[in-house]
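Computed over heavy atoms, backbone and side chain alike; hydrogens, waters and symmetry mates excluded.
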Amino acid sequence: MFQTLLSQLKQYKKATIATPLLAVLEVLMEIMIPVAMASIIDEGIEKGDMRHVILCCILMFFMAGLSLLFGILAGRTSARASTGFAANLREGMFSHIQTFSFANIDKFSTAGLVTRMTTDVTNIQNAFQMIIKMGTRAPVQLICALVMAMVINFKLSMIFVAAILILGSILALIISKAMPAFTAVFDRYDELNASVQENVSGIRVVKAFVREEHENSKFTRAAGRIYEMFIKAESIVALNNPVMMFVVYSCILGLSWLGAQMIVGGSLTTGELTSLLAYVMNILMSLMMLSMIFVMLSLSMASARRIAEVLNEEATLVSPENADFEIPDGSVDFDHVFFAYGNGKPVLSDIDVHIKAGETIGILGGTGSAKSSLVNLISRLYDVQEGCVKVGGKDVRAYDLETLRNEVAVVLQKNVLFSGTILENLRWGDENATDEDCIRACKMACAHEFITQFPDGYETYIEQGGTNVSGGQKQRLCIARALLKKPKILVLDDSTSAVDTATDARIRRAFREEIPGTTKFIIAQRISSIQDADRILVLEDGKIDGFDTHENLLAHNEIYQDVYNSQTQGGGDFDQKGGEA
């Protein structure tokens, strides 16, 4: 896990190494100040040597100045290293997520990934900055102060050793109890983020159904669970401070009592006791810093594991060695394909169909009949469990993934538009497309007419998610975007559901006339959208129930007949039988 995270340091290794070195120099300067202070008392004030006092004061100012300088430099390098490390972690996770297949993404919730890239990385950033600076400074200061205390008076220094052992044992116990509590908290963060994301993305539905109170209560419950778990975790960690204070004051009292007796006995000087009191504060401040580091580590270990999970996740779909970079044509063959999500029940069973390049294939089926699952296999968004899917006569697993997906354009029913102008959105299909190319694609998708009615035309700004255009307009823009790829295979996954039948017919006619060589898969619930197809595939529970022309299916396929009758007689949808309400 640590190796995975530290591999993201990259260009910030020098700053990471420089920080502890500077912290050590800062400590060494601080540690010498009590020695000079003791000399002022014993050799200067008590003997009336003002020259010695002045020289020691100058030396103390010089060491304090160097300590301050080294501290400032250590702070700058630690900030640079930690923020750079966090930036690399976020970039590394984001880049790695782009390589994930749908199966990988299904493993991590969207809210979980957002939490990992925000809250978890911030925790790691804070912990890392504390470790490379305080994590070096505290133990070095502790050791140096303890050594100096032993040099001054070995007997009194045993008070410090006892305090360190007691405090270390208690801190270890606190941390062992706190870590599981903090680990559980971050799982709840995922639930909270999921609630926020779901509410914001579906705010129109929430308002339409007047469910604000329900959503508020759901969020309050999620936030309340985090509150309760944090209270539990923090209540354990809170024991750290009173324990620390008890040990600090016990040491001071013990040192003052025994030190005063030794001064009276002549075995200890006033300056030495003053130095020991300074060192006790150094030692106990070091212990306090170490306790803070351990608390931060207990908080960040859960975050570290969650980030490492993402970075170590291996993409289930990768390009093969010696991959093919050329797809001959748009022919598609499903050779006895079986497919399931994960280890679940197969959603596609023994699919065996063969489509020639340039054919238009309609796909019809009820909810859950695996229509989308079928077309997802063409661009290898998932891999089959048995059989194979071929494009251009070759197994899709033999192609370079980028090459394959560039040749297969998919338009979903719920496609996404990104914030930016219409032209910027269109050029997702081809970043080098000219304005004329974009206009031609929009005319084919019947989008040009409504675009030109906007005051800014193709420079109209699309809000995030396409909230300032209608559902039908969004679908047509997404179709135009896909057409700009000039794909060999075009998949329309119920992507004209929000378009009126007349416009739907115009789009299909444009496809026939403008891109006759492109193989087209049209998933639809309306038979009018697919009856012109060369052949129509009827799916039922992930199996082929029929694969023929509109006329032959209408004559011989019962499911197709039921759908046709329900739509022509009562305007019902696929899941309604003819004559039923």
If every non-hydrogen atom of [X] is compared with every non-hydrogen atom of [Y], which pair is closest and at what distance?
X	Y	answer
Leu417	Arg481	CD2-NH1, 4.0 Å
His96	Leu311	NE2-O, 3.4 Å
Ala340	Lys345	CB-O, 3.6 Å
Ala74	Thr77	O-OG1, 3.1 Å
Ile152	Ser275	CD1-CB, 3.8 Å
Ser419	Tyr461	CB-OH, 3.5 Å

Query raised in the report: Does Thr136 have any side chain to side chain donor-acceptor pair (under 3.5 Å) partners at least two apart in sequence or in another chain, and if so, which?
Result: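 Side chain to side chain donor-acceptor pair (under 3.5 Å) check on Thr136 returns nothing, list empty.
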
**Report entry** With sequence neighbours excluded, residues passing side chain to side chain donor-acceptor pair (under 3.5 Å) with Ser286
**Finding:**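 Testing Ser286 for side chain to side chain donor-acceptor pair (under 3.5 Å), a comparison that skips the adjacent residues, returns Gln141.
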
Query - Heavy-atom donor-acceptor pair, Asn88 side chain to Gln8 backbone, under 3.5 Å - result: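 Confirmed, Asn88 side chain pairs with Gln8 backbone.
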
Query raised in the report: Does Ser95 use its side chain to pair, donor to acceptor, with the backbone of Gly92 at less than 3.5 Å?
Result: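 No, because the side chain of Ser95 does not come within donor-acceptor range (under 3.5 Å) of the backbone of Gly92.
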
Report task. Show the numbers, then the answer: is there a side chain to side chain contact (heavy atoms under 4.5 Å, CB included) between Phe418 and Ile462? Result -> CA-CA 7 Å; Phe418 297 89; Ile462 300 294; over 6 Å; no

Report task. Determine, stepwise, if the pair Leu9 / Phe128 fulfils side chain to side chain contact (heavy atoms under 4.5 Å, CB included). Result -> CA-CA 11 Å; Leu9 275 174; Phe128 183 72; 3.6 Å; yes

Query raised in the report: Should the heavy atoms of other residues, nucleotides or ligands under 6.0 Å from CZ of Arg405 be counted, would the total exceed 12?
Result: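 Yes.
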
Report task. Step through the shown structure and confirm whether more than 12 heavy atoms of other residues, nucleotides or ligands are within 6.0 Å of CD on Gln98. Result ->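 Atom CD in Gln98 is packed in, count exceeds 12.
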
Requested in this report: For Asn123 and Ser300, test the side chains for any donor-to-acceptor distance below 3.5 angstrom and give the result as yes or no.
Outcome: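 Distance-only check fails for Asn123 and Ser300.
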
Report task. Decide whether Ser373 and Tyr341 meet the rule of one side-chain donor and one side-chain acceptor closer than 3.5 Å. Result ->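 Note: Ser373 and Tyr341 side chains meet the donor-acceptor criterion.
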
Report task. Please name all residues satisfying side-chain contact (heavy atoms from CB on, under 4.5 Å) with Lys14, sequence neighbours left out, ordered by chain then number. Result ->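 Scan of Lys14 (side-chain contact (heavy atoms from CB on, under 4.5 Å), adjacent residues dropped) gives none.
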
Query raised in the report: Applying salt bridge (charged side-chain N to carboxylate O under 4.0 Å, His left out), which residue pairs with at least one partner in residues 18-31 are found, sequence neighbours left out?
Result: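 Qualifying pairs, neighbours excluded: Glu26-Arg137, Glu30-Arg137.
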
Is there a side-chain contact between [X] and [Y], using heavy atoms and a 4.5 Å cut-off?
X	Y	value
Ile40	Met60	yes
Phe100	Val310	yes
Tyr279	Leu146	no

Requested in this report: Could I get the full list of salt bridge (charged side-chain N to carboxylate O under 4.0 Å, His left out) partners for Asp383, not counting sequence neighbours?
Outcome: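 For Asp383, the residues satisfying salt bridge (charged side-chain N to carboxylate O under 4.0 Å, His left out) (neighbours in sequence not counted) are Arg380.
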
Report task. Mind checking salt bridge (charged side-chain N to carboxylate O under 4.0 Å, His left out) for Glu463 and listing every partner two or more places apart, or none if nothing turns up? Result ->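 Applying salt bridge (charged side-chain N to carboxylate O under 4.0 Å, His left out) to Glu463 gives none.
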
Requested in this report: Have a look at Arg90 and tell me which of Thr118, Thr122, Asp120 forms a side-chain hydrogen bond (donor to acceptor under 3.5 Å, both in side chains) with it.
Outcome: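 Going through Thr118, Thr122, Asp120 one by one, the side-chain hydrogen bond (donor to acceptor under 3.5 Å, both in side chains) with Arg90 is satisfied by Thr122 alone.
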
Requested in this report: Tell me, with the steps shown, if Arg221 and Ser217 meet side chain to side chain contact (heavy atoms under 4.5 Å, CB included).
Outcome: CA-CA 6 Å; Arg221 285 194 300 272; Ser217 62; 3.8 Å; yes

Query raised in the report: Salt bridge or not for Glu424 and Arg427, using N-O below 4.0 Å?
Result: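 Answer for the salt bridge query: no.
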
